[in-house]
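We count ligands from 1, going down the list as the structure has it; atoms in each ligand are counted the same way.
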Amino acid sequence: MAKTIAETQKESPEERSERVTIGRAVGKVILFGEHAVVYDRPAIAVPVTQVQAQARIEDGEDSLTLMAKDLGIEHRWGEPVPKEIEPLVALVEATLDKLSITAPPALRITLESTIPIARGLGSGAAVSTAVVRGLGQHFGHSLSSEEVSALVYGAERYYHGTPSGIDNTVIAYQKPIYFVKGKEPVVISLAQPLDLIIADSGVASPTKEVVQEVRTGWEKDMEKYERVFDGIEDLTSQARKAMISGSLLRVGELMGENHQLLVKLGVSSPLLDSLVEAARGAGAWGAKLSGAGKGGNAVALIRPGSEEAVAKSLEGAGAKSIIYTQVS
Ligand code: PMV
């Protein structure tokens, strides 16, 4: 069990240097319902354990320091906050507040991540989750998934404006979830593991902008967009049932239908369409774009053992990198 601040202050420098806590969080991929989820429809997302964010928390000599390795930024409390890490600094403060720590403690927080940025894999939410978990563990508080998720949502709002909250929820719970904005998430018990291939288009997906484009379209033609969202809601609820009963062929078909509705929303791209086609051509049960779209990833549900064939076909269609993951 980690020590409290008062106990920490009594430690000798040798004892202090041993106090290192690592907070970890995995990535995520949305299988159904992106965009529609912003309009109060359900969505399904699963954790991706092959990629990870990490927050290393060490007792420091003097002030609280945050080091974001990927961004090459080191920030000391009391100095001006670089714009890129404003949400993380605010998150550290909100977490310390939640842990009833009133003055910034002498800690060094180092962030590292193997999750590609802006590809719909939840890199921002995962880094934030690692920070919250790491600080909680370091001070001996066991924060619930719900508490972690709520803290991370604050940082997500900073990055994305008005996110639905699906990223912070699936990453904090680290389980397949059926999610409706503002409601308690429902964990899906999978009858069969899902073998997934995630193909990176190599193009950044600017979530905030794509969500805004959909909003503009919705404002112009509400009837059409609401009809599409209703269609997505219907297939998302069918997909949940198919996952619970283990009908993976059906889950795959529904992914294909979801992709077509995302095409109608205007958030696909020729490359994403080709990746979906390539996965289907190599025998995947289904494939679709995942996340905000325009760039980012396509995700395919594949037959166990077919990962090499599908990966090859996706690479041939222009995928820049491939992640294979099994969700159970
Ligand atoms: O691009 P991602 O994976 O961060 O997903 C965005 C999902 C949206 O439904 C488009 C937006 C949201 O807030 O849920």
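Residues L88 and L111 are in side-chain contact: their nearest non-hydrogen atoms beyond the backbone lie under 4.5 Å apart. Looking at I197 and V299, their side chains never come closer than 4.5 Å, going by heavy atoms from C-beta outward. For the pair I302/E307, a side-chain contact is recorded, criterion being any heavy-atom separation below 4.5 Å from C-beta on. Inter-residue side-chain proximity for V327 and P193 is flagged as unmet; no heavy-atom pair is nearer than 4.5 Å.
Close contacts of ligand 1 with T207, meaning ligand atoms under 4.0 Å from a residue heavy atom, involve 1 (O), 2 (P), 4 (O), 6 (C). Numbered from 1 in the order shown, with element, the atoms of ligand 1 that lie under 4.0 Å from a heavy atom of A292 read 1 (O), 2 (P), 5 (O), 6 (C), 10 (C). Atoms of ligand 1 lying under 4.0 Å from at least one heavy atom of V37, given by number and element, are 9 (O), 14 (O). With ligand atoms numbered from 1 in the order given, ligand 1 contributes 13 (O) to contacts under 4.0 Å with heavy atoms of P163.
Nearest non-hydrogen protein atom to atom 7 (C) of ligand 1 is I30 CD1, 3.7 Å. Of all protein heavy atoms, the one lying nearest to atom 4 (O) of ligand 1 is D167 OD2, 3.4 Å. Residue, atom and distance of the protein heavy atom nearest to atom 8 (C) of ligand 1 are H35 N, 3.9 Å.
For V38, every heavy-atom contact with ligand 1 shorter than 4.0 Å involves the side chain, none the backbone.
Of the polar atoms of T162, none of the N or O atoms is found under 3.5 Å from an N or O of ligand 1, judged by distance alone. Below 3.5 Å of separation, one finds no N or O of E34 facing any N or O of ligand 1. For ligand 1, one of its N or O atoms has an N or O atom of S164 under 3.5 Å away.
Within the 4.0 Å heavy-atom shell around ligand 1 one finds K28.
Both L96 and I85 are members of a single hydrophobic cluster when ILVMFWY side chains are connected at heavy-atom separations under 4.5 Å.
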Between Y153 and D167, is a side-chain hydrogen bond (donor to acceptor under 3.5 Å, both in side chains) present by the stated rule, with each step listed? CA-CA 9 Å; Y153 184 68; D167 281 21; over 6 Å; no
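Counting all heavy atoms, side chain and backbone alike, V51 lies closest to P116 at CG1-CD, 4.4 Å.
Stacking of R240 on the aromatic ring of Y178 is recorded, both the 6.0 Å distance cut-off and the 45° axial limit being met.
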